[in-house]
Amino acid sequence: MPNKPSYYITTPIYYPSDNLHIGHAYTTVAADCIARYKRMQGYRVFYLTGTDEHGQKIEKSAGANKQAPIDYVNKIVDNIKALWVTMHISNDDFIRTTEARHEEVVKKVFNKIFEKGDIYISEYEGWYCTPCETFFTKRQLHEGKCPDCGREVELLKEESYFFNMAKYAPRLLEHIDKNPDFIQPESRRNEILNFIKGGLEDLCVSRTTFSWGIPVPFNEKHVIYVWFDALINYLSAIGYGSDEEKFEFWPADVHLMAKDIIRFHAIIWPTMLMALDLPLPKKVCAHGWIMLEDGKMSKSKGNVVDPVILTNKYGVDAVRYFLLKELSFGQDGNYSEDMLVSRINSDLANDLGNLISRTVAMIERYFQGLVPSLGTILDIDKELEKVAGIAYDEAALFLEKLDFANYLNAVQRLVARANKYIDENEPWRLAKDEQENSRLGTVLYYLVASIKTAVILLSPAMPTLIERTNEQLAVFASIKDIKWEDAFPWGSDISGVKVKKAQALFPRIDNSAQETQEKMDQQAEKKEKQAKKAEQQTSEEENSYISMEDFAKVDLRVARVISCEKMEKADKLLILKVDVGGEERTVVSGIAKHYEPENLVGKKVVLVANLKPAKLRGTLSQGMILAASDENELEVLTIQSGLDAGTRIK
RNA sequence: CGCGGGAUGGAGCAGUUGGUAGCUCGUCGGGCUCAUAACCCGAAGGUUGCCGGUUCAAGUCCGGCUCCCGCAACCA
């Protein structure tokens, strides 16, 4: 076996505090497309993804669910793995930072850098909020108070380990300077350069305020900082320090990610590698975000797009195609279901799907379902072949640059040219003339050849396309191990291949049908959610009840709004003064988006009177006003009758 | 002056080292009938957010301004 060149590509390891959304799917699909392409090119590919499972956030979420962190995380990781299966992600490994193989390497790395002297123990100085058990930097504070609870903070010193990152800054700068492709796209590169030039500080790489993490090997009081832990996955997955043969994949060819975590990958990670005396990854590439019509996707907005639902509805190939085609890779891009539908209809249904459909239909009708043989080749045929060759070259060129939109565009031009070729040759006219039979055969042969090329070139983006095409147009003797160079030049004889018309490859999505479909899906979704909720409730039944005593702890009162004004420099907050039966209270409420201040004055609202006071952007809020809300609407509970302010509610 | 991104025909976007604007969708007109009401041809439509500068020449470089958006902070 000849020594095949290796190719190592990674996605970030995702944080399993919740199920993943379409943005994660985007990164993973993009990396998958490259991985598949490189395999077709004959590379020995290692495609890695996984999960980053430590940290305070996970510990807290798990605690809130009354679960051990590992149990909490296991469930979500299962969902993530299932998602990658439905999206046909071809990862070669899936690493979890809670696995022993990873923990060992992290400890080894920590030790090694420590022994080298680049990790040292010192004192971390910061403002500590005791109730919140959290350190803050001076910048994070709000008017000198805790940004979380508004209480006083104290300047505390805590023993911590630091990584001597600043030491490597000059070397890193030089490396970025000499390797223009190291950080991509260029706008990110400039951002990173500026950031480093602004000065790097040593990085605090251990924590003592929580325990869900990998302990510092020689000091169990400390837990290793999550990012330090997480980044090492790129080494631990390929057997750093244990499997020399596998470790030959290092250095990674590409670390792919969304733009928000570029700093970790372009600054912290390279300096860690320098400390380990390992070569740096060849490329660190950040793509943009997927924006929705109403802004960035977020859980609190309730507008998260679930890739599972989309894939079930439109098919893996279509969804993957859309993601790669519609978004300009380095830039943020928009998403809406309408955009997805129109992309599928125009590119996949009208052009590609229909091209295959009309070709197959003609072969069935004119040649009894067998691809005819070649006759005399005319200039117009050669031109089509030339276009196929261009598509072949350009597709590879753009894929190398991670320019997915232009890659797919290049193939689309071949598909369009083939459709035009049909019109130019008018096979239906040729079919009426015995004499033209050979010519007709040539035209159809060329169409099949073009389709074969297009389908191969598209297969990294659309992993089930070859198989599905082959059901109608059996041009692939085996659908396994198709090579990139099988696409072009046109060599292998395809005449005599059987053809069988079947269901449309990419059915057109008709709007009215789609709407009804959507409604049905939404209903199904709702039912599913309800079922899930019910299930959860039964499983957590014992924990989910509170006693009457517990409820009585909540002191609910009728409160009359005396005055109300918007808080300055805060778009969501209103400051209300309320009368609670003789006592006046100030309450800050996040309802500014839904209520004009003057409309609330005089209203009687429901106040949680014994809630722990908290400072919000500097103003002390003594209580909470009850309101019902979903993503769109919010209504404050009011008392209509003549009941007095201060009346107890129970 | 917290950090960053953007402003290009109706919509969504491209525009490499500066040389009188491209793509997809949509619209309008025509053609064809093999096909998934698809396909093919043609047309209309932009003073490239505003102002100034550099230059023989700027969407592309420089300075200023306006407006959007994301992050951060605030939903007790």
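In what follows, every chain begins at residue 1, and chains take the letters A, B, ... in the order their sequences are listed. Just so you know, these numbers use all the heavy atoms, side chains as well, and skip hydrogens, waters and symmetry mates.
Secondary structure note: stems in RNA chain B built from 3 or more consecutive Watson-Crick or G-U wobble pairs under 3.5 Å occupy B:2-7 with B:66-71, B:10-13 with B:22-25, B:27-31 with B:39-43, B:49-53 with B:61-65.
You'll find that the side chain of Tyr366(A) is closest to C34(B), out of C34(B), G4(B), G70(B). With G4(B), C3(B), C39(B) as the choices, the nucleotide that has an atom nearest any side-chain atom of Asn419(A) turns out to be C39(B). Side-chain atoms of Glu326(A) lie closest to G12(B) of the nucleotides G12(B), U36(B), C34(B).
The phosphate of C41(B) has OP1 or OP2 within less than 4.0 Å of a side-chain N or O from Lys420(A). Within the structure, a side-chain polar atom (N or O) of Asn350(A) is placed less than 4.0 Å from OP1 or OP2 of C39(B).
In plain terms, the two heavy atoms of Ser450(A) and Leu384(A) that are nearest each other are OG-CD2, 3.3 Å.
Counting only distance, with no hydrogens or angles, the side chain of Asn470(A) and the backbone of Val475(A) share a donor-acceptor pair below 3.5 Å. Between the side chain of Asn406(A) and the backbone N or O of Asp403(A) there is no donor-acceptor pair closer than 3.5 Å.
Between Leu323(A) and Ile290(A) there is a side-chain heavy-atom pair separated by less than 4.5 Å.
Taking 3.5 Å as the limit, the base of G70(B) and the side chain of Asp260(A) contain no donor-acceptor pair of atoms between them.
Spacing between atom CG of Leu340(A) and atom C1' of U24(B) amounts to 15 Å, rounded to whole angstrom units.
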